[in-house]
Amino acid sequence: MSDLFSYNILDNDVEHISELQILIVDDESSDLSYYSAILSGLCTISFATDSATAMSMCVSDNPPDLILCDVLMPDQTGFEFCQELKSQPFTKDIPVIFLSSLNALEDKLEGFSTGGIDYIVKPVPQGEIVQRITTHLNIILERKKLEFYSYRDAVTKVANRRIYEYVFTKEWQNCIRYEEMFSLIMLDIDKFKSYNTFYGHVAGDEVLMLVAQQLEQFGRRSNDLFARIGGEEFVLLLPTCQSEGASQIAQRMIEAVNMLSIPHSESPSKFLTISAGVATMLPEANIEQGCLFNFADNALFKAKQKGGNQICVSDHTRIPKSFITNGHVARERRTKQQGSTQRVGQRR
Ligand SMILES: [Mg+2]
């Protein structure tokens, strides 16, 4: 999977090439304005007259979708710039097309060997460059669409299990490195099977979507991730979040679903509700991340046992041996929490 995204790739629902952005890198301002003018009818054009500026634009929150790069530039050649771009995890997937007056075969081959996807020789007739770039933009657009849908759950449109696993691993590693707490909230719709039986599967899917979209807004920070991981099961990953904060968020998530007031005749309250299991740990290199999930899952089970529509905070005091990959866990006590359950105020 590409490292290019911040998790808000899930917001990048691109439908047309006009929504894409080309960065033109050229030290000749006359060339810059000429090609900008020609291509500005296709999509957004940004430009840089040196490779350092171009690189800073590539690592920004709004990186280009395609780079048109000159080869002969004073500080760094286009080939060197492309090589640097391809060596960085956050920029390696940005396609580069060389646009140069160098016409020798060895120059073209060097362009491709450094990672360029095309090599266009200047000067190039207007009609030809527009057609060539349009073709590339269409390929990029299709790739972005596939990427977008491959990260999304088809029913609820929130992040799917595939991206959840990727983000969980990545953030677990980050929390180990920076010695930060990691919280995970596991959520489940109460009595969802009987909802499906009573109202039918079409209504069941609609409810899944409503609930998911209501809950997705709680993953607010850039490294948080809300995902559907199974039938009626959802997870909110909260890296660098303490237990108390996670519990408050879980409580608000339960209240947010209560606010939807979805009738459910098989539920004790006659409305659809959810339950949440909250777990927090200090990740360590010799503990498998599945341990945190397991604690949250057990807490969720307890919340369900107590009747649902409530949160339960994991009161784990020991890391089970099955999650320890390498010897003794010296700091396991640091993850100890007081067990508690909180019942959501009876609705209505
Ligand atoms: Mg030049």
Side-chain angles (χ1 to χ4, degrees), residues 2-6 8-9 12 14 16-145 147:
S2 158
D3 264 333
L4 174 59
F5 67 40
S6 59
N8 51 25
I9 192 171
N12 295 340
V14 183
H16 191 266
I17 61 169
S18 62
E19 298 165 67
L20 299 175
Q21 185 196 158
I22 298 176
L23 168 62
I24 305 179
V25 190
D26 201 315
D27 61 313
E28 291 284 340
S29 52
S30 56
D31 276 6
L32 266 185
S33 38
Y34 175 69
Y35 290 106
S36 299
I38 289 176
L39 298 171
S40 61
L42 291 178
C43 64
T44 304
I45 309 292
S46 54
F47 47 84
T49 52
D50 61 88
S51 60
T53 308
M55 184 56 84
S56 67
M57 293 165 84
C58 292
V59 296
S60 73
D61 287 342
N62 182 28
D65 301 294
L66 174 66
I67 297 173
L68 287 188
C69 189
D70 185 23
V71 173
L72 294 177
M73 296 187 288
D75 54 340
Q76 196 180 31
T77 70
F79 299 146
E80 289 164 344
F81 168 68
C82 183
Q83 248 168 350
E84 192 185 331
L85 200 75
K86 297 294 159 186
S87 69
Q88 305 292 326
F90 291 99
T91 56
K92 69 183 171 58
D93 293 322
I94 304 175
V96 176
I97 295 174
F98 292 106
L99 188 58
S100 173
S101 53
L102 298 178
N103 197 12
L105 177 62
E106 57 264 34
D107 291 318
K108 295 176 185 173
L109 293 181
E110 188 176 352
F112 286 108
S113 71
T114 56
I117 58 164
D118 203 353
Y119 191 110
I120 301 173
V121 178
K122 293 193 280 196
V124 54
Q126 178 171 342
E128 182 184 334
I129 191 167
V130 169
Q131 279 310 313
R132 283 212 203 196
I133 299 302
T134 302
T135 300
H136 284 292
L137 290 175
N138 276 315
I139 295 168
I140 292 164
L141 180 70
E142 289 311 309
R143 196 185 84 176
K144 283 180 109 55
K145 281 184 183 173
E147 220 171 38

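As the structure lists them, so they are numbered: ligands from 1, and atoms in each ligand from 1.
- Not one N, O or S atom of Val71 sits under 2.8 Å from the Mg ion (ligand 1).
- Salt-bridge annotation for Lys122 and Asp26: present, with a side-chain N of the basic residue lying under 4.0 Å from a carboxylate O of the acidic one.
- Few gaps surround OH on Tyr119; more than 12 heavy atoms of other groups in view lie less than 6.0 Å from it.
- Partner of Phe98 under the side chain to side chain contact (heavy atoms under 4.5 Å, CB included) criterion, out of Asp70, Leu68, Thr114: Thr114 alone.
- Take the N/O/S atoms of Asp70: the one nearest the Mg ion (ligand 1) is OD2.
- At least one N/O/S atom of Asp27, whether from backbone or side chain, sits less than 2.8 Å from the Mg ion (ligand 1).
- Tested against Ile67 for a side chain to side chain contact (heavy atoms under 4.5 Å, CB included), the candidates Cys58, Cys82, Ser46 yield a single pass: Cys58.
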